[in-house]
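We name chains A, B, ... by the order of the sequence lines, and we start the count at 1 in each one.
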Number of protein chains: 2
Amino acid sequence: MIDFEKLKTIYQIGKDLEAQDIYSLIKSAKNKTYAPSEYLIEEGTKRRDIFYLKKGLIRSFIVNEKGDEITMGLKWENHVVASPDIILHGQASRFYFQALEHTDVLLMDYDLLQNIISKNPKLEKSRKYIFQRMLKEAQERIESFVLYSPEERYIRYIESNPELINRVPNKYIANVLGITPVSLSRIRKRLATKK
Amino acid sequence: MIDFEKLKTIYQIGKDLEAQDIYSLIKSAKNKTYAPSEYLIEEGTKRRDIFYLKKGLIRSFIVNEKGDEITMGLKWENHVVASPDIILHGQASRFYFQALEHTDVLLMDYDLLQNIISKNPKLEKSRKYIFQRMLKEAQERIESFVLYSPEERYIRYIESNPELINRVPNKYIANVLGITPVSLSRIRKRLATKK
DNA sequence: ACTGCTTCTTATCTTTTGTTAACGTCTCTT
DNA sequence: AAGAGACGTTAACAAAAGATAAGAAGCAGT
């Protein structure tokens with residue numbers, strides 16, 4: 001039976017695909033849904049899943065020595081999500097990936113995906129595109145840490161992601177910016193009184 | 001005439017290549033040498049060069065509104081160097097890339113390289129490998145900003161790159177860590193007196 | 001509607017960082 | 001050999017951030 005939902009998503013990810021390529025992907029990808037607070041990936045997992053976010057919001061966090069949860073990243077619609085520990089290092093994930101909203105994903109095994117891509121040259125363009133986009137995001141984030149103060153970082157973050165402030169608790173945003181929630185609260189007050 | 005130096009380097013980058021692939025790369029790649037303080041890439045450039053560092057040390061920096069040079073990154077042997085503005089954003093480079101030591105590189109046009117890779121499926125493995133390595137590096141750097149204090153960041157940086165401290169002025173390392181040279185000097189003193 | 005929990009803010013205090021400037025040391029140049 | 005720069009350190013002060021705790025506001029669940 002044809003899963004039109006899935007087909008639509010895959011078609012959006014990899015344009016210019018041939019029927020055979022699309023079929024390969026559909027066969028191995030799975031739709032899945034997560035309720036708020038459910039985990040896509042838990043700490044210690046080695047399952048090499050990679051997720052494409054169709055709808056919803058995911059936070060990744062790590063539990064430090066003190067037992068505090070530190071939010072590393074926030075991802076939403078059209079982002080690709082995977083644990084860098086598993087995919088890039090081949091280790092068990094130190095991170096949790098948790099849905100903050102009702103979240104719809106398309107997921108598949110990373111190695112299987114890479115195999116399919118390697119056997120379907122047309123897909124290489126998509127792989128290159130996704131890697132480049134991830135690198136671009138990472139690069140920009142590093143820049144923000146090196147070049148800007150926490151206050152400037154916050155201004156830039158909400159300016160480039162204005163929808164987020166209504167979807168995510170500030171304490172998570174503080175972590176992403178590399179500061180404490182208390183400090184973010186003070187920054188917000190400074191900015192409010194300046195204007 | 002055969003350039004054995006070049007051949008050797010290319011062979012190290014892309015293992016399992018066929019003769020035709022190697023020939024494609026050799027034909028388009030160029031060896032180049034830079035003296036200390038020479039620029040590989042200058043601000044404003046759009047030349048889509050990508051460099052493989054055979055020997056030497058490169059710092060990338062940006063000049064901010066105050067006119068200060070902020071060092072964004074340091075790269076040395078076996079790293080791949082390119083301007084993210086040019087390669088990932090298609091814009092003119094905001095960064096300078098400057099040799100700090102006598103530096104030997106293999107360079108080629110990025111688009112040409114991508115073309116060659118696309119036409120030589122065997123090379124896809126190398127592309128994937130390089131992208132993954134760059135992502136891994138970026139990911140780890142972001143982690144260090146989110147999870148650790150400047151002091152911890154410094155300790156980790158010199159522990160994982162012990163050779164660097166003797167090759168690079170501290171003021172550049174301070175920038176890379178997202179702090180001022182004065183602050184790094186204080187951190188170094190704190191660490192020295194602790195022990 | 002009430003209770004409990006989470007989030008955000010505010011306050012206080014300590015620690016760290018940024019800023020600016022001065023000083024010693026070292027290197028390179030002339 | 002003298003002078004100029006570059007680099008690292010130190011000092012002094014202001015500004016910001018971390019840590020901890022307490023209170024207010026909002027939300028969820030019963």
Side-chain angles (χ1 to χ4, degrees), chain A residues 35-38 57 59 61 63-71 74 96 98-102 144-158 164-195, chain B residues 35-38 57 59 61 63-71 74 96 98-102 144-158 164-195:
Chain A
S37 88
E38 265 192 298
L57 186 58
R59 80 164 177 131
F61 67 91
V63 179
N64 66 13
E65 323 80 49
K66 299 176 197 160
D68 300 325
E69 295 180 358
I70 308 293
T71 298
L74 298 166
Y96 293 86
Q98 184 187 39
L100 293 186
E101 301 175 354
H102 178 100
S144 79
F145 281 112
V146 173
L147 298 178
Y148 304 115
S149 67
E151 180 170 322
E152 291 168 316
R153 224 145 58 218
Y154 174 67
I155 294 171
R156 284 166 184 272
Y157 191 74
I158 58 170
L164 261 200
I165 48 172
N166 301 316
R167 294 173 73 178
V168 181
N170 278 325
K171 60 173 186 170
Y172 297 151
I173 292 177
N175 284 165
V176 169
L177 297 174
I179 58 179
T180 62
V182 177
S183 191
L184 177 56
S185 185
R186 283 187 292 231
I187 287 172
R188 285 158 56 80
K189 179 163 196 183
R190 276 206 304 268
L191 293 175
T193 52
K194 267 181 190 171
K195 295 177 183 173
Chain B
S37 87
E38 264 192 297
L57 185 57
R59 78 162 178 134
F61 67 92
V63 179
N64 67 11
E65 323 80 48
K66 299 175 198 160
D68 300 325
E69 296 180 359
I70 309 293
T71 297
L74 298 167
Y96 294 84
Q98 183 185 40
L100 293 187
E101 302 175 352
H102 178 99
S144 80
F145 281 111
V146 173
L147 298 179
Y148 305 115
S149 67
E151 181 170 321
E152 291 167 316
R153 224 146 57 220
Y154 174 67
I155 294 171
R156 284 165 182 271
Y157 191 75
I158 58 169
L164 260 200
I165 48 172
N166 300 317
R167 293 172 74 178
V168 181
N170 279 325
K171 60 174 186 169
Y172 297 151
I173 292 177
N175 285 164
V176 169
L177 297 174
I179 58 178
T180 61
V182 177
S183 192
L184 176 57
S185 185
R186 284 187 290 230
I187 287 171
R188 286 160 53 80
K189 179 162 197 183
R190 276 206 304 268
L191 293 175
T193 52
K194 268 182 191 171
K195 295 176 184 175

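- The C1' atoms of five pairs define one axis at each end of the helix from C:dA1-D:dT30 to C:dT30-D:dA1, and these two axes lie 50° apart (to 10°).
- The closest side-chain heavy-atom distance from A:Ile179 to A:Ile187 is below 4.5 Å.
- One distance of note links CZ of A:Arg188 with OG1 of A:Thr193; it measures 12.5 Å at 0.5 Å rounding.
- The salt bridge (charged side-chain N to carboxylate O under 4.0 Å, His left out) check on B:Arg186 picks up nothing, with sequence neighbours excluded.
- Between the CZ atom of B:Arg190 and the P atom of C:dT16 there is a distance of 5 Å, given to the nearest Å.
- When rounded to the nearest whole Å, the span between OH of A:Tyr154 and P of C:dC8 equals 10 Å.
- Within the structure, side chain to side chain donor-acceptor pair (under 3.5 Å) contacts touching residues 167-177 of chain B (residues at least two apart or in different chains) are B:Glu77-B:Arg167, B:Glu101-B:Arg167.
- A pairwise comparison of heavy atoms in A:Val146 and B:Thr71 identifies CG1-O, 4.0 Å as the closest pair.
- Of the candidates A:Leu164, A:Ile165, A:Leu191, A:Ile165 is the only one forming a side chain to side chain contact (heavy atoms under 4.5 Å, CB included) with A:Ile158.
- Straight-line distance from the CG atom of A:Leu191 to the C1' atom of D:dA17: 15 Å, rounded to whole Å.
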Listed pairs, N/O of protein and of nucleotides 6-8 of chain D, under 3.5 Å:
residue	atom	partner	partner atom	Å
D:dC7	OP2	B:Lys171	NZ	2.1
D:dG8	OP1	B:Asn170	N	2.6
D:dG8	OP2	B:Lys171	N	3.2

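- Taking CZ from A:Arg190 and OG from A:Ser185, the interatomic distance works out to 10.5 Å, rounded to the nearest 0.5 Å.
- Between A:Ile165 atom CD1 and C:dT7 atom P there is a gap of 18 Å when expressed in whole angstrom units.
- Between B:Arg186 atom CZ and D:dT10 atom P the separation is 11 Å, expressed in whole Å.
- Remark: A:Lys189 is not in phosphate contact with C:dC8, judged by side-chain N or O atoms under 4.0 Å from OP1 or OP2.
- At the phosphate of D:dA17, neither OP1 nor OP2 sits under 4.0 Å from any side-chain N or O atom of A:Arg153.
- The OG atom of B:Ser144 lies 8.5 Å from the CZ atom of A:Phe145; values are rounded to the nearest 0.5 Å.
- Rounded to whole Å, the distance from CD on B:Glu152 to P on D:dG18 is 12 Å.
- Picking from C:dT19, C:dG18, C:dT12 the nucleotide with the shortest atom distance to the side chain of B:Ser183 gives C:dG18.
- Atom CG of A:Asp68 and atom P of C:dT7 are 13 Å apart (whole Å).
- Counting heavy atoms from C-beta on, the side chains of A:Leu147 and B:Asn64 never come closer than 4.5 Å.
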Checklist outcome for this item: Contact string for nucleotides 21-30 of chain C, one letter per nucleotide 5' to 3', B = base within protein heavy-atom range under 4.0 Å, S = sugar-phosphate only, - = neither, reads ----------
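- Taking side-chain N and O atoms only, B:Thr180 has a distance below 4.0 Å to OP1 or OP2 of C:dG18.
- The CD atom of B:Gln98 sits 10.5 Å away from atom CG of B:Leu57, with the distance rounded to the nearest 0.5 Å.
- Partners of A:Glu69 according to the salt bridge (charged side-chain N to carboxylate O under 4.0 Å, His left out) rule, which considers only residues two or more places apart in sequence or in another chain, are A:Arg59.
- The NZ-P distance, from B:Lys66 to C:dT19, rounds to 5 Å in whole Å.
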Next on the checklist: side chain to side chain contact (heavy atoms under 4.5 Å, CB included), that's the test. Do B:Ile155 and B:Tyr148 meet it? Break it down for me.
Outcome noted: CA-CA 10 Å; B:Ile155 294 171; B:Tyr148 305 115; over 6 Å; no
